[in-house]
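Quick caveat: nothing in here was measured; it's all calculated off a predicted structure. Just so you know, ligand 1 is whichever comes first in the structure, and atom 1 is the first atom listed for that ligand.
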Amino acid sequence: MLEMTDQALGPPGPVLVTGGNGYVASWLVKRLLELGHDVHATVRDPADPRETLHLEAIAADSPGALSLYGAELLDPLGFDRAMTGCEVVFHTASPVIGRGVRDPMRVLITPATSGTRNVLEAVNRCPSVRRVVLTSSVGAIYGDAVEIAGTEDGFFNESHWNETSSENHHPYAYSKVLAERLAWEIAGSQDHWDLVVVNPGLVLGPALSTYTTSESVRIIRDFGTGYYRLGVPKGRFGIVDVRDVADAHIRAAMTAEATGRYILVAETLSMQQIAAILRDRFGGAYPFPRRTLPKFVAVLLAPLAGLKRSEVRRNVGYPLRFDNRRAATHLGMRFRSPSGAIVDHFQQLIDDGLV
Ligand code: NAP
């Protein structure tokens, strides 16, 4: 949780958040505005109230000022105007679709990589920027849970890179590892700004907009809609609260000594544990899963869930552990418990009429 004072953060200067209407970015914009920053935020269409109304409402109640800009990741010159005068660029925009993608190159890989190139080349042209914080993912750290057997101590850490995802196997993770590698390459070829990367696990917690389409919302919603009526596989997620992810971005920007990559995972929970947390809090009103699917059934059913059989085979039934000590020691992160994120997330879906 963010405990720093405005003073510790230094004088608020203008900052840019790409994809400012996104699930994670909306919380980041909110925190920055609360801290008094002038926030430049890009959205795809600033004339679409579904992308902007919640941000404008937050800005109206905050000391910071919000300016909205239209920007598309594929546009090489799309980010220059929004970036002018900014000291920090938070590059969060990237497509987040975990399953059922028919054309991964067009839908995920090209926007993630071209977008990262376009944003960072705009940074190269913008003399005021001194730091870029990139929202990567644990998907850039590892490809499949089975790989944990090859780690030195049974934990994934920031020295690990996903070397097994591809266009046909976890294309979303592939888009994230390619984009992060590209960001390090571009950062390494200049010396007017530095790069700090955050690698969140599955981000959970309430969304600030009912129009949020992030995979995070779908994952929790599925627990309450009967999607898992046959049961849940023995899969695990490294979970982090969306409010902590926003705070970690700010700490990554404002901590002078921050460097490299930071895994953001509070704890790893099984799908059975997530279901139990929801059942304990919301009782029998929703069809939360009770049964565990045997692995062979989960593998068999994978295509129905928009997943490859190999993706399920290499993840179900394996432990998943992350070393989050860098974020704790360098950034001072004290992660909230995932159960609070899960409960608040589902409550918000109820309040918004989405379950
Ligand atoms: P989100 O709500 O879907 O946000 C993604 C943002 O990227 C949206 O603003 C989206 O705009 C924008 N975007 C996508 N394609 C674009 C394009 N071609 N041009 C311009 N903007 C585009 O997802 P999120 O969960 O907040 O994810 C934010 C970041 O966190 C991503 O980089 C993601 O990889 C990373 N991350 C997320 C999680 C998680 O569990 N959610 C975990 C680890 C890392 P539209 O709203 O117009 O589509």
Shortest protein heavy-atom distance from atom 26 (O) of ligand 1, along with the residue and atom involved: Val24 N, 2.8 Å
Polar side chain donor-acceptor pair, Ser26 to His54, under 3.5 angstrom: yes
Closest to atom 12 (C) of ligand 1 among Ala41, Ala93, Gly22 (heavy-atom distance): Ala93
Which residue and heavy atom of the protein sit nearest atom 44 (C) of ligand 1, plus the separation: Ser136 O, 3.1 Å
Nearest protein heavy atom with distance in Å, relative to atom 36 (N) of ligand 1: Tyr172 OH, 3.6 Å
Nearest protein heavy atom with distance in Å, relative to atom 18 (N) of ligand 1: Glu72 OE2, 3.0 Å
Evaluation steps, side-chain contact (heavy atoms from CB on, under 4.5 Å), between Ile274 and Ile219: CA-CA 11 Å; Ile274 295 174; Ile219 286 172; over 6 Å; no
For atom 41 (N) of ligand 1, the protein heavy atom that lies nearest, with its residue and separation: Ser216 OG, 2.7 Å
Side chains of Thr164 and His169, donor plus acceptor under 3.5 Å: no
Residues Lys176 and Glu180 bridged, charged N to O under 4.0 Å: no
Sub-4.0 Å atoms of ligand 1 with respect to non-hydrogen atoms of Gly201: 40 (O), 42 (C), 43 (C)
Nearest non-hydrogen protein atom, atom 23 (O) of ligand 1: Val96 CG2, 3.3 Å
Minimum non-hydrogen distance to atom 10 (C) of ligand 1, winning option of Arg44, His249, Lys176: Arg44
Ligand-side contact atoms (ligand 1) for residue partner Ala71, heavy atom cut-off under 4.0 Å: 20 (C)
N or O contact, Val203 vs ligand 1, cut-off under 3.5 Å: yes
Side-chain ion pair, Asp222 and Arg99, N-O less than 4.0 Å: yes
Phe282 ring center near Phe223 ring center (under 6.0 Å): no
Asp352 and Gln348 side chains, donor-acceptor separation under 3.5 Å: yes
Distance-only polar pair, side chains of Asn157 and Ser159, donor-acceptor under 3.5 Å: yes
Interfacing atoms of ligand 1 (cut-off 4.0 Å, heavy-atom, Ser137): 43 (C), 44 (C)
Contact check, Glu51 vs ligand 1, heavy-atom distance below 4.0 Å: yes
Ligand 1 contact by Glu215, heavy-atom criterion under 4.0 angstrom: no
More than 12 heavy atoms of other groups within 6.0 Å of Asp191 CG: no
For atom 19 (N) of ligand 1, closest protein heavy-atom neighbour: Leu73 N, 2.9 Å
Ligand 1 contacted by Ala112 (non-hydrogen, < 4.0 Å): no
Lys/Arg cation over aromatic Trp184: Arg261, 6.0 Å, 45° cone: no
Protein residue, atom and distance nearest to atom 28 (C) of ligand 1, heavy-atom basis: Thr92 O, 3.7 Å
Numbering as shown, the atoms of ligand 1 that approach Leu202 to under 4.0 Å (heavy-atom distance): 40 (O)
Where Val132 and Trp193 come nearest, the two heavy atoms and their spacing: CG2-CE3, 3.6 Å
Within-shell test, Gly115 vs ligand 1, heavy atom, strictly < 4.0 Å: no
Gly20-ligand 1 polar pair, N/O distance under 3.5 Å: no
Name of the residue among Arg31, Arg334, Arg336 meeting salt bridge (Lys or Arg N to Asp or Glu O under 4.0 Å) with Asp244: Arg336
Exercise: do Asp351 and Gln347 side chains pair donor with acceptor under 3.5 Å: yes
Close approach, Leu74 and ligand 1, non-hydrogen under 4.0 angstrom: no
Ligand-residue contact atoms, ligand 1 with Thr135, heavy atoms, under 4.0 Å: 29 (C), 30 (O), 32 (O), 35 (C)
Numbered atoms of ligand 1 (with element) below 4.0 Å of Gly19, judged on heavy atoms: 9 (O)
Nearest-option assignment for atom 5 (C) of ligand 1, heavy atoms, candidates Ser94, Ser175, Ser214: Ser94
Ser339 and Ser337: side chain donor to acceptor below 3.5 Å: yes
